[in-house]
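Notes follow once the structure below has been shown.
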Amino acid sequence: MEATEENDLIIPRNSGILVSKSNGTVVLRLRCKTKEEFQQWKEEYEKLNYVTYRVLRGRNCEASKVLFKQLYRCQHNTVPDYHKVKKPSKKHTDCPHKMSVTIKVVVKQSRSTDKFMPEYPTVVKFSGAHNHRVKSAESLKFRDVGPEVRLKLIEFFKAGNGPTHALKLHKRDLMEQYDEDYDRVACDAARCPSFRSVQHLYTTLFKEKYGDFTKEKLLESIVSRVEVLKSEGIKITCSTLSDDFCISMCTPIMERVHTFESSGSICFIDSSGNADRYNCRIFLIMTDSCV
Ligand SMILES: [Zn+2]
């Protein structure tokens, strides 16, 4: 199901009912019985309606009647006053749109007069209209990476690809899939995330698996690895300056080139960046030859 107009509201299939809609306020009742079920519904709703919500405030409840209560804001309201930010990001439009959720506890023999219980224990209330176009490229570029795209990127990482290559592979798939529509899809960060988001995902996963890798630990590991390679007869050296480092290496095939007369007079430098999560750059020094 696709949204056809701006600010259309699409309820994920068979998940709940529309109770009322008036003066910019919409009330839904959902089948969700737990916080986890609601989170899943929220993800689906965000995907269908091209919106992203952030928690404004909320809590798990100990009360016998209410299980969970939360208030969400549209991500285009970054609450700069609360965060004491003087110059808000471009994402901030001070959007007044909000979503509140209350999950009621389902009890067997209830005397509740709520006619939607026990089938629809979750109450969702939307208030205030968005003050920006929901499906414009300007709004779409701020969306979170979609769950399917996230999983796909993780698979690329597991196969040994870094963030740059993983994103390149994903974009190539999108080009094949959407062909002339690619430019439209590429504007949507949920389907075509920015390099920064992909790199963030990569770094987060790396940290989860191996812990935080500080620069000191990284340098220590590099220096010991260089020593091992040196002992194996490879021409390699590592220079460090503060916490920056530079590794120079000459492979056996490169060594052969040193015998060329031209290698002493002309050389070309090729450089590539984003080679890894630390943004190291690789400089390849080449010379011309008649071969
Ligand atoms: Zn909004």
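Counting starts at 1 for both ligands and their atoms, following the listed order. We use all heavy atoms of the structure for the numbers below, so side chains are in, but hydrogens, waters and symmetry mates are not.
A salt bridge between Lys47 and Glu148 is present, with a side-chain N of the basic residue lying under 4.0 Å from a carboxylate O of the acidic one. The pair Arg54-Asp144 meets the salt-bridge criterion, with a side-chain N (NZ, NE, NH1 or NH2) lying under 4.0 Å from an Asp/Glu carboxylate O.
Put simply, His76 stays out of reach of the Zn ion (ligand 1), with no N, O or S atom under 2.8 Å from it. Among the atoms of His97, none of the N, O or S atoms falls under 2.8 Å from the Zn ion (ligand 1).
Scanning both residues, Leu67 and Val105, for their nearest heavy atoms gives N-CG2, 3.7 Å.
With the Zn ion (ligand 1) as vertex, His132 NE2 and Cys95 SG subtend 110°, rounded to 10°.
Distances from the Zn ion (ligand 1) to the N/O/S atoms of His130 are shortest for ND1.
Around atom NZ of Lys91, more than 12 heavy atoms belonging to other residues, nucleotides or ligands sit under 6.0 Å away.
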